[in-house]
Amino acid sequence: MAANTQPIFTLTPNNGRVKLTTANTTRDLSSTTNASLLLTAGANGTRIDTIEFTHSAAVQTQASIAAVGRIFICTDALGANPRLKREIALTAVTPSVSAIGAIFTMTFSPAMVLAPGEFLWASISATQTSGGYDIICSAADF
């Protein structure tokens with residue numbers, strides 16, 4: 001049992017991060033090929049506030065390819081029993097020396113809470129021909 005009960009607050013940051021470059025063409029995570037484990041819930045559960053999809057590439061003017069970012073809740077680290085939690089449209093953006101690239105944020109209000117033993121997986125629907133998406137989950141364990 002957590003010692004932080006009056007009031008309940010998080011104790012330890014648990015910021016998951018992955019980079020995805022290749023499409024997972026399933027919408028139900030029936031195949032985990034090209035998807036990735038993003039976050040493992042802590043022993044007392046985990047609070048998730050935001051998940052950001054940021055396109056990054058070696059050259060600052062390389063465009064992103066339009067895609068869909070997906071987040072799944074699974075019952076084990078291998079992606080078993082996936083449930084689609086949220087999708088976000090990742091539109092094509094061409095950055096320049098004076099314009100930012102593609103940054104898309106899922107905000108959970110109220111915060112999403114994972115129970116102990118739950119796992120968050122991420123995927124993108126289209127292969128990026130230049131660079132890929134850095135996916136960062138802002139979370140903390142209870």
Side-chain angles (χ1 to χ4, degrees), residues 1-58 60-96 98-142:
M1 180 63 135
N4 57 341
T5 59
Q6 293 186 10
I8 295 173
F9 58 91
T10 57
L11 288 172
T12 308
N14 184 0
N15 298 321
R17 54 191 174 272
V18 297
K19 184 175 194 93
L20 294 176
T21 59
T22 308
N24 174 293
T25 57
T26 67
R27 194 162 175 258
D28 62 357
L29 204 64
S30 53
S31 168
T32 56
T33 302
N34 301 326
S36 188
L37 175 64
L38 177 61
L39 183 89
T40 300
N44 294 305
T46 300
R47 172 193 169 116
I48 300 164
D49 294 305
T50 62
I51 299 173
E52 289 185 343
F53 288 73
T54 304
H55 186 265
S56 62
Q60 65 183 343
T61 57
Q62 289 180 318
S64 60
I65 304 295
V68 175
R70 295 187 175 104
I71 299 297
F72 300 87
I73 298 174
C74 299
T75 58
D76 74 16
L78 299 176
N81 304 307
R83 297 297 178 259
L84 179 62
K85 174 60 178 171
R86 176 115 17 125
E87 296 178 300
I88 190 167
L90 308 172
T91 57
V93 175
T94 303
S96 70
S98 60
I100 66 168
I103 302 170
F104 305 95
T105 304
M106 291 179 177
T107 301
F108 299 96
S109 181
M112 176 173 51
V113 177
L114 293 182
E118 290 186 321
F119 301 81
L120 212 57
W121 276 68
S123 70
I124 57 175
S125 67
T127 297
Q128 302 299 301
T129 56
S130 63
Y133 276 94
D134 293 320
I135 304 167
I136 300 175
C137 181
S138 296
D141 294 340
F142 291 107

With a 4.5 Å heavy-atom cut-off, do [X] and [Y] have their side chains touching?
| X | Y | value |
| --- | --- | --- |
| T32 | L78 | no |
| L120 | I71 | yes |
| N24 | R70 | no |
| I135 | L20 | yes |
| P95 | Q60 | no |
| V113 | F142 | yes |
| F53 | M106 | yes |
| C74 | L29 | yes |

Problem set entry | Those residues that, when tested against N81, pass side chain to side chain donor-acceptor pair (under 3.5 Å) (two or more places apart) | T75
Check: [Y] main-chain N/O paired with [X] side-chain donor or acceptor under 3.5 Å:
| X | Y | answer |
| --- | --- | --- |
| S36 | L38 | no |
| R27 | S125 | no |
| N34 | A23 | yes |
| D49 | A111 | no |

Problem set entry | Residue of the set T12, N14, N44, T40 for which side-chain hydrogen bond (donor to acceptor under 3.5 Å, both in side chains) holds with D141 | N14
Could you state the interatomic distance from [atom1] ([X]) to [atom2] ([Y]), rounded to the nearest 0.5 Å?
| X | Y | atom1 | atom2 | result |
| --- | --- | --- | --- | --- |
| R86 | F72 | CZ | CZ | 13.5 Å |
| L84 | T26 | CG | OG1 | 10.0 Å |
| T21 | I65 | OG1 | CD1 | 12.0 Å |

Problem set entry | Flag if over 12 foreign heavy atoms under 6.0 Å of CZ, R47 | no
Exercise. Does CZ in R17 sit with more than 12 non-hydrogen atoms of other residues, nucleotides or ligands closer than 6.0 Å?
Worked result: no
For this session: Return the minimal non-hydrogen interatomic distance between A102 and S64, and the atom names on each side.
Result: CB-OG, 3.8 Å
For this session: Describe, in one word, how the ring planes of H55 and Y133 are oriented to each other, choosing from parallel (under 30°), tilted (30 to 60°) and perpendicular (over 60°).
Result: perpendicular
